[in-house]
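In the text below, chain A, chain B and the rest are named by the order of the sequence lines, each starting its count at 1.
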Protein chains: 2
Amino acid sequence: MAAKTRIILADDHKLFAAGIENLLSREADFEVGGVYHNGKEALEALENEKADLIITDMNMPGINGLDILQHIKKRRWKIKTIVLSMYDEEAIFHKCIRQGVDAYILKNADPDELIFTIREVMEDRYIANFEQVLKQAEEDEFDQYDHFKAALKLSKRELEILKWIAQGKSNKEIADGLHLSVFTVETHRKHLHRKLEVSSMAELVKKALDMGLG
Amino acid sequence: MAAKTRIILADDHKLFAAGIENLLSREADFEVGGVYHNGKEALEALENEKADLIITDMNMPGINGLDILQHIKKRRWKIKTIVLSMYDEEAIFHKCIRQGVDAYILKNADPDELIFTIREVMEDRYIANFEQVLKQAEEDEFDQYDHFKAALKLSKRELEILKWIAQGKSNKEIADGLHLSVFTVETHRKHLHRKLEVSSMAELVKKALDMGLG
DNA sequence: TGAAACCCTAACAAATGGTAGCGGAGGGCT
DNA sequence: AGCCCTCCGCTACCATTTGTTAGGGTTTCA
């Protein structure tokens with residue numbers, strides 16, 4: 001029987017790291033050699049322990065995933081590398097490719113996909129495929145701004161007034177701040193009431209905060 | 001033996017979700033009822049399945065964690081809520097508090113902390129980071145979190161009045177609702193202004209929402 | 001046509017300054 | 001124990017000023 005694949009994990013999100021560790025250690029042919037929560041510790045581990053593969057997060061404080069890739073490339077270590085990233089950005093992906101990453105996986109990938117990819121990488125069969133990643137990204141980013149739907153009904157000026165109201169300003173203060181007449185601010189406020197279906201300042205403030213203003 | 005805590009997970013990062021699921025299902029008193037990778041599915045699950053707790057990611061495409069909290073609050077469901085967030089930002093934290101979240105945990109928290117918090121929440125012992133934030137506030141010279149301290153300075157009655165104000169009630173409505181004179185409500189409001197160092201209803205409402213009322 | 005700015009009024013609500021009685025909690029004195 | 005005193009929360013009231021709300025308008029510009 002072949003030796004187990006010895007894996008090092010690096011991710012500053014401890015919960016995430018612990019989760020992945022669990023996931024991997026259920027596989028008979030994998031063995032988690034260590035879990036590290038920052039780039040520095042991970043690099044030290046690479047110096048001292050022997051491992052077949054490092055799975056690293058892209059975004060870590062201090063030394064990040066890209067730094068780790070660079071380090072490994074510079075020393076011509078034979079260790080395989082898989083980068084986990086939250087971001088479906090082509091620029092980041094290409095940077096990793098340039099640093100010789102073996103696979104680039106999004107954090108919203110299927111667990112099975114990670115397991116599968118690890119085995120593929122270990123067998124030298126994996127070619128990082130950006131098109132797949134891109135397609136997934138497009139589907140996911142569809143209409144992310146649900147709570148701005150209400151805001152779309154408001155005009156630019158009304159939105160602006162709403163922001164001031166949410167900051168606790170009076171009509172007079174808003175009028176002075178925006179160089180408007182108090183009457184104008186009153187009118188906008190009236191329209192805000194109508195459009196947002198409220199009838200008091202308190203509700204207006206709550207709506208505004210719900211919409212992410214203030 | 002007590003029934004298991006039935007937990008629903010919502011996180012678009014499938015890897016992360018699977019990891020947490022693993023983590024939780026190793027605990028004898030937890031039972032993962034479902035794992036969903038977007039807000040829509042999670043909400044559907046909440047409609048159809050009975051669960052004691054939902055652990056949701058803050059950032060999801062479409063319906064996000066905040067939307068889920070809002071939904072639950074609107075329907076007055078008794079289900080407990082824990083938000084997992086990547087961001088250690090006061091604004092996001094407060095938004096969750098306003099929507100009545102039971103706990104707010106960062107993704108780089110220790111796995112043990114999550115487990116511990118779940119049990120605390122289920123026992124009604126956890127108030128979202130309230131004590132931690134308080135402790136921080138004491139250490140903080142600039143009193144960033146003085147609205148939490150402020151709550152402690154308020155009397156029972158004042159807190160009650162503040163809740164009504166945050167719900168958009170007028171002095172008259174509050175007076176009728178609590179069988180008080182309008183004058184009394186005015187006095188309480190006056191004291192609230194003094195204690196919370198504000199001078200308008202809008203600011204009062206914001207403070208109230210920051211404190212988790214409303 | 002609709003957004004934006006401006007104007008007006010009447011009614012209402014809130015903000016802010018007072019005053020003041022009642023009752024419970026706590027400290028101190030005899 | 002008993003009594004006094006004070007503090008404070010809660011209640012209630014009043015007058016004045018300021019702000020908000022909900023109607024009704026007009027003009028300008030794209």
Participant: Taking ring pair (Phe, Tyr, Trp, His ring centres under 6.0 Å) as the test, write out the residues that go with His71(B), two or more places apart.
Facilitator: Trp77(B)
Participant: Is the NZ or CZ atom of Arg119(B) both under 6.0 Å from the centre of the six-membered ring of Phe30(B) and within 45° of that ring's axis?
Facilitator: yes
Participant: If only atom types and distance count, is the side chain of Thr81(B) paired as donor or acceptor with the main-chain N or O of Ile54(B) below 3.5 Å?
Facilitator: no
Participant: How many Å lie between CD1 on Ile161(A) and C1' on dA3(C), as a whole number?
Facilitator: 13 Å
Participant: Decide, yes or no, whether a salt bridge links Lys107(A) with Asp11(A) under the criterion of side-chain N to carboxylate O below 4.0 Å.
Facilitator: yes
Participant: Near DNA chain D, under 4.0 Å by heavy atom, which residues of residues 170-178 of chain A?
Facilitator: Ser170(A), Asn171(A)
Participant: Calculate the interatomic distance between Met201(A) atom CE and dT18(D) atom C1'; express it in whole Å.
Facilitator: 13 Å
Participant: For the pair made of CD in Glu160(B) and C1' in dG9(D), what is the distance, rounded to whole Å?
Facilitator: 14 Å
Participant: Can you check whether Arg6(B)'s main-chain N or O pairs, donor with acceptor, with Asp52(B)'s side chain at less than 3.5 Å?
Facilitator: yes
Participant: Under 4.0 Å from OP1 or OP2 of dA15(C): is there any side-chain N or O of Ser200(B) that close?
Facilitator: no
Participant: Could you give the CG-to-C1' distance, from Leu204(A) to dT20(D), as a whole number of Å?
Facilitator: 12 Å
Participant: Hey, is the side chain of Arg157(A) poking within less than 4.0 Å of OP1 or OP2 on dA3(C), counting only N and O atoms?
Facilitator: no
Participant: Please give me every residue in residues 182-192 of chain A whose heavy atoms get under 4.0 Å of an atom in DNA chain C, ordered by residue number.
Facilitator: Phe183(A), Thr184(A), Thr187(A), His188(A)
Participant: Check the distance between dT21(D)'s C1' and Glu203(A)'s CD and give it to me in whole angstrom.
Facilitator: 13 Å
Participant: Rounding to a whole Å, what distance do you find between His193(A):NE2 and dG23(D):C1'?
Facilitator: 14 Å
Participant: Given side chains that start at C-beta, do those of Met58(B) and Leu84(B) come closer than 4.5 Å, heavy atoms only?
Facilitator: no
Participant: Heavy-atom distance under 4.5 Å between the side chains of Asp29(B) and Thr5(B), does that happen here?
Facilitator: no
Participant: Any salt bridge between Arg189(A) and Glu186(A), counting N to O under 4.0 Å?
Facilitator: no
Participant: Taking side chain as C-beta onward, heavy atoms only, is Arg26(B) less than 4.5 Å from Leu24(B)?
Facilitator: no
Participant: Would you mind reading off the distance between Glu158(B) atom CD and dG9(D) atom P, rounded to a whole angstrom?
Facilitator: 7 Å
Participant: For the pair made of CZ in Arg194(A) and C1' in dT21(D), what is the distance, rounded to whole Å?
Facilitator: 11 Å
